[in-house]
Structure formats: structure tokens, C-alpha cells
Amino acid sequence: MYSLNWVDLFIVILASFRLTHLIVFDKITSFIRRPFFSVKIEENEFGQLEEKIEMKGTGIRHLIGSLLSCFWCVGFWCSLFVVLIYFYFPFTFPFFLVLAVAGAAAVIESKV
């Protein structure tokens, strides 16, 4: 059966986190999200800025937009992808290590 030591598990977790964040939030991947929804910044009654997501289209386009705008949904699929690729294509480990380091850096940066 498959085995995963604690260090590799930690790397897989951080890589999944970073890949998820890359798809859902980062500007560099906005071209993936753009066909499915748009984000508008509006001021609420308390003067705070809020993001409003407006889905485009209906049917499958709307469904994909709903999935891409959900951190938890994309997180599940990214985690599944990372784990499967990690086990079946171990030569991809350096790529996941880079994602993990970037994920750790993002977490540290958000806490500073």
C-alpha cells in the first residue's frame, strides 16, 4: 500500500493549499475564472468594501463558475489531484515542493 511520511504529508498539504489559492484567488489565473464569473467591489452600508460574484451564463457554465468561486470545492479537487499525482508520478515532487514553499511563505506573510 501507499505510505506517506510526515514531511511529505506536510508538503502535500501546503502544495494543495497553494494550488487551490492559485486557482481561486490569484490574478495570474484570472483568465481561467473570467469566462464563468465576474467579481465586483461594492461598498456596503457600513462603508466596507465587499466582493460580489456574478455568475455568467446558465447550465454547465454556471456550475463551473460556482465551483471555481468556492475555495472548499476547488480545494477538494486540487487535493485529489496533488495526492494522485504524488503517488503515481513521483518525479513531480519538486513541483509540489515549490508549491509547498510558496504556500508556507503565503501563510507566513499573511500572519506578519
Practice prompt. Please examine the side chains of Lys56 and Ser38, heavy atoms only from C-beta on, and report whether any two atoms are closer than 4.5 Å.
Written response: yes
Worksheet entry | Derivation and outcome, side chain to side chain contact (heavy atoms under 4.5 Å, CB included), residues Leu14 and Phe96 | CA-CA 8 Å; Leu14 285 173; Phe96 294 132; over 6 Å; no
Item to complete: Using a 4.5 Å cut-off on heavy atoms from C-beta on, say whether the side chain of His21 contacts that of Asp26.
Response: yes
Give the table of side-chain donor-acceptor pairs shorter than 3.5 Å for residues 80-91, with sequence neighbours excluded, one pair per line with atom names and distance.
residue : atom : partner : partner atom : Å
Tyr86   : OH   : Asp8    : OD2          : 2.6
Tyr88   : OH   : Tyr2    : OH           : 2.7

Fill in: Contacts of Arg34 that satisfy side-chain hydrogen bond (donor to acceptor under 3.5 Å, both in side chains) - sequence neighbours left out
Ser30
Practice prompt. Name all residues meeting the side-chain hydrogen bond (donor to acceptor under 3.5 Å, both in side chains) criterion together with Thr29; count only those two or more places apart in sequence or in a different chain, and write none if there are none.
Written response: Arg33
Discussion item. Please enumerate all residues that pass side chain to side chain contact (heavy atoms under 4.5 Å, CB included) together with Ile108, with sequence neighbours excluded.
Written reply: Val112
Worksheet entry | Co-membership, hydrophobic cluster, residues Val98 and Ile13, 4.5 Å side-chain | no
Practice prompt. Identify the heavy atoms of Glu50 and Asn44 that sit nearest to each other, and give their distance.
Written response: OE2-ND2, 3.0 Å
Worksheet item: For Ile41 and Glu51, what are the C-alpha separation, side-chain angles and deciding distance, and is it a side chain to side chain contact (heavy atoms under 4.5 Å, CB included)?
Response: CA-CA 5 Å; Ile41 307 292; Glu51 286 187 352; 3.4 Å; yes
What side-chain donor-acceptor pairs closer than 3.5 Å can you find for residues 63-79, not counting sequence neighbours?
residue : atom : partner : partner atom : Å
Ser66   : OG   : His62   : O            : 3.0
Ser69   : OG   : Gly65   : O            : 3.1
Ser69   : OG   : Ser66   : O            : 3.1
Ser79   : OG   : Gly75   : O            : 2.8

Worksheet item: Counting only heavy atoms not in Phe10, do more than 12 sit closer than 6.0 Å to its CZ atom?
Response: no
Worksheet item: Cluster question for you: counting only ILVMFWY and a side-chain heavy-atom cut-off of under 4.5 Å, with indirect links fine, are Leu22 and Ile32 together?
Response: yes
Discussion item. Looking at every non-hydrogen atom in both residues, tell me the closest pair between Ile53 and Met55 and how far apart they are.
Written reply: CG2-CE, 3.6 Å
Worksheet item: Can you name the residues that form a side-chain hydrogen bond (donor to acceptor under 3.5 Å, both in side chains) with Glu54, not counting sequence neighbours?
Response: none
Worksheet entry | Hydrophobic cluster membership, Leu4 vs Phe95, 4.5 Å side-chain cutoff | yes
Practice prompt. Any chance you could measure Leu99, atom CG, to Thr20, atom OG1, to the nearest 0.5 Å?
Written response: 10.0 Å
Discussion item. For Glu109, I'd like to know if atom CD has over 12 heavy atoms of other residues, nucleotides or ligands within 6.0 Å.
Written reply: no
